[in-house]
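Worksheet for the structure shown next.
Every value quoted in this text rests on a predicted model; they were computed, and no experiment measured them. Basis for what follows: all heavy atoms, side chains included, without hydrogens, waters or symmetry-related copies. Order of the sequence lines sets the chain letters (A, B, ...), proteins ahead of strands, with each chain counted from 1.
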Amino acid sequence: MTPDASALLRWYDTHRRILPWRSLPGQRPDPYAVWLSEIMLQQTTVKAVIDYYNRFLTHYPTVQGLANAPLEDVLHLWAGLGYYARARNLHACARRASELGGFPETVDALLTLPGIGAYTARAIAAIAFGQPVVPVDGNVERVTARLYAMEDPLPASRSRIAQQAAHLNADAEAQARPSDFAQALFDLGATICTPRAPSCLTCPWRTSCIGQSRGIAASLPVKAPKQARPVRYGAHFVLRDGKGNVLLRQRPPKGLLGGMDECPGTEWRSTRWAEEDALSHAPFLTQWQDRGTVTHVFTHFTLHLTVYEATLPAGHNAGINQSFGTFRPAERAALSGVMKKCLLRADQDVETT
DNA sequence: TATTCGTGGGG
DNA sequence: TCCCCAAGAAT
């Protein structure tokens, strides 16, 4: 028993969101633009993505342009958006697609490309190529769980929910408009079937929603309890050369903030650093100013960083081991959010925390 | 199956 | 203030 696809599509025709990566009704979107937006939108809000999306399209109007760019430039343009493996995979995927002469049109072929998983493959197939598949993201998961009153907790219930969701497009109306149907599900989840306080009264699917009829829609999907976020500590050193440059090094190519630039600093460990201990990791022996601390919350741990700042006396950079990095203008670097906070902290008065 | 992997905004 | 979460993928 599937809900009324026609009702959802009528609602979508009136209420659909206008977004920069969406083509006008009846027009085929550029697969490159669809792919780019889908990668950026993974675990990221529409509001946060829009500016980045526009900047990428300006710098790289085609997949070939992106494929030919140095990874460093891509990371610089991605800096601040988070989940930097996406940027590395974006670059690798652009090269593959460029070699192939474009993006493949089937789910199975799309799945072989870096950074494209079960959701994104179906999103691209449906939106860019009109394949009748249902991309199951957080929105569709929530809509489905409520529609069928599925009370088993995530993430264990994920595959069962996806199985149900795969049939949402069974109606002929949905089969005829795969791109609109997929995006209608997104918009329904984003504007009506919201995580908290869903607007069931105006929902085009309210009459067939079991969660609504049982009065439990807002409580779905049930989620398993999360575990506590550990705390880590570190110290970083903002060293300027007096010519507008900052000492920066590149993090290892994989893992946390992989490939991004950072000021040299200590390891991030579970115990606090004594000042003397932290200073022993400084790139240069000088009078370091304690600029206070920066707190940054990652998905799986909270980080407290002490920021030290100093300006290099003229003509002393020869004594700095190159493992600490090179002096570069910060504007040209690929700086993560937490490292931007450190540089900002170095410029502030300590008391203004 | 469970972890790792960012960041900013909203309630 | 704190907690939740957002068009998930890779390992």
Side-chain angles (χ1 to χ4, degrees), chain A residues 16-17 19-22 33-53 75 78-90 92-93 110-128 133-143 153-159 162 165 179 181-191 193-197 218 221 223-230 232 251-260 262 268 294-303 334-341:
Chain A
R16 74 194 195 93
R17 291 175 293 174
L19 300 169
W21 46 86
R22 284 189 174 172
V34 172
W35 162 73
L36 178 61
S37 69
E38 288 302 336
I39 301 301
M40 288 186 167
L41 286 162
Q42 289 167 3
Q43 295 291 286
T44 309
T45 57
V46 165
K47 177 179 168 55
V49 163
I50 289 178
D51 287 344
Y52 282 87
Y53 172 82
L75 288 176
W78 193 278
L81 195 56
Y83 285 143
Y84 299 98
R86 291 185 298 172
R88 303 192 297 270
N89 285 328
L90 185 84
C93 187
L110 285 162
L111 277 172
T112 67
L113 299 177
I116 298 183
Y119 160 76
T120 305
R122 286 168 178 77
I124 296 172
I127 297 170
V133 292
V134 180
V136 185
D137 70 334
N139 288 306
V140 180
E141 207 167 60
R142 184 170 58 254
V143 168
L154 290 169
S157 60
R158 183 147 290 143
S159 65
S179 174
F181 187 76
Q183 295 179 87
L185 286 173
F186 302 158
D187 284 11
L188 186 71
T191 66
C193 196
T194 52
R196 284 173 296 202
K223 302 202 171 180
K226 317 182 183 343
Q227 57 187 56
R229 222 194 298 271
R232 293 186 194 174
R251 292 176 60 86
K254 291 184 178 178
L256 184 64
L257 308 177
M260 302 297 284
E262 68 175 7
W268 297 346
V294 157
T295 297
H296 192 78
V297 181
F298 290 96
T299 307
H300 50 300
F301 66 94
T302 296
L303 181 63
L335 296 174
S336 64
V338 61
M339 208 43 61
K340 285 178 182 173
K341 282 186 188 176

Task: Pairs meeting criterion side chain to side chain donor-acceptor pair (under 3.5 Å) with involvement of residues 39-51 of chain A, two or more places apart - done: A:Gln42-A:Thr120, A:Thr44-A:Arg86
Using a cut-off of 4.0 Å on non-hydrogen atoms, how would the nucleic acid contact of [X] be classed: base, sugar-phosphate, or nothing?
| X | result |
| --- | --- |
| A:Trp21 | base |
| A:Pro135 | nothing |
| A:Leu111 | nothing |
| A:Ser37 | nothing |

TODO: Side-chain contact test, heavy atoms from C-beta onward, threshold under 4.5 Å: evaluate it for A:Val134 versus A:Arg122 and give yes or no.
DONE: no
Task: 4.5 Å side-chain heavy-atom contact, A:Arg17 and A:Arg22 - done: yes
Task: With A:Pro195 via side chain to side chain contact (heavy atoms under 4.5 Å, CB included) - residues at least two apart - done: A:Arg142
Task: Interatomic distance, A:Cys93 atom SG to A:Ile39 atom CD1 [nearest 0.5 angstrom] - done: 6.5 Å
Task: Rounded distance [0.5 Å steps], CZ in A:Arg251 versus CG in A:Leu256 - done: 5.0 Å
TODO: Report, as a single string ordered 5' to 3', how protein heavy atoms within less than 4.0 Å touch nucleotides 2-11 of chain B: B base, S sugar-phosphate only, - not at all.
DONE: --SBBB---S
Open item on the list: If you assign A:Pro221 and A:Gly117 each to the DNA chain C nucleotide with the nearest heavy atom, which residue ends up on the more 5' nucleotide?
Closed with: A:Pro221
Open item on the list: I want to confirm an ordering. Mapping A:Gly115 and A:Arg22 to their closest nucleotides on DNA chain C, which one lands closer to the 5' end?
Closed with: A:Arg22
TODO: For DNA chain C, note the earliest and the latest nucleotide, 5' to 3', having some atom under 4.0 Å of a heavy atom belonging to chain A.
DONE: C:dC5 to C:dA10
Open item on the list: Run the side-chain hydrogen bond (donor to acceptor under 3.5 Å, both in side chains) test against A:Arg88 and tell me which residues pass, sequence neighbours left out.
Closed with: none
TODO: For A:Arg16, check salt bridge (charged side-chain N to carboxylate O under 4.0 Å, His left out) against everything at least two apart and list the hits.
DONE: none
TODO: Could you work out the separation of B:dT4 and C:dA7 based on their P atoms and round it to a whole Å?
DONE: 24 Å
Open item on the list: In whole Å, measure the gap between the P atoms of B:dG6 and C:dT11 for me.
Closed with: 14 Å
TODO: Please work out which of the three classes, parallel, tilted or perpendicular, describes the rings of A:Tyr53 and A:Trp21, given edges at 30° and 60°.
DONE: perpendicular
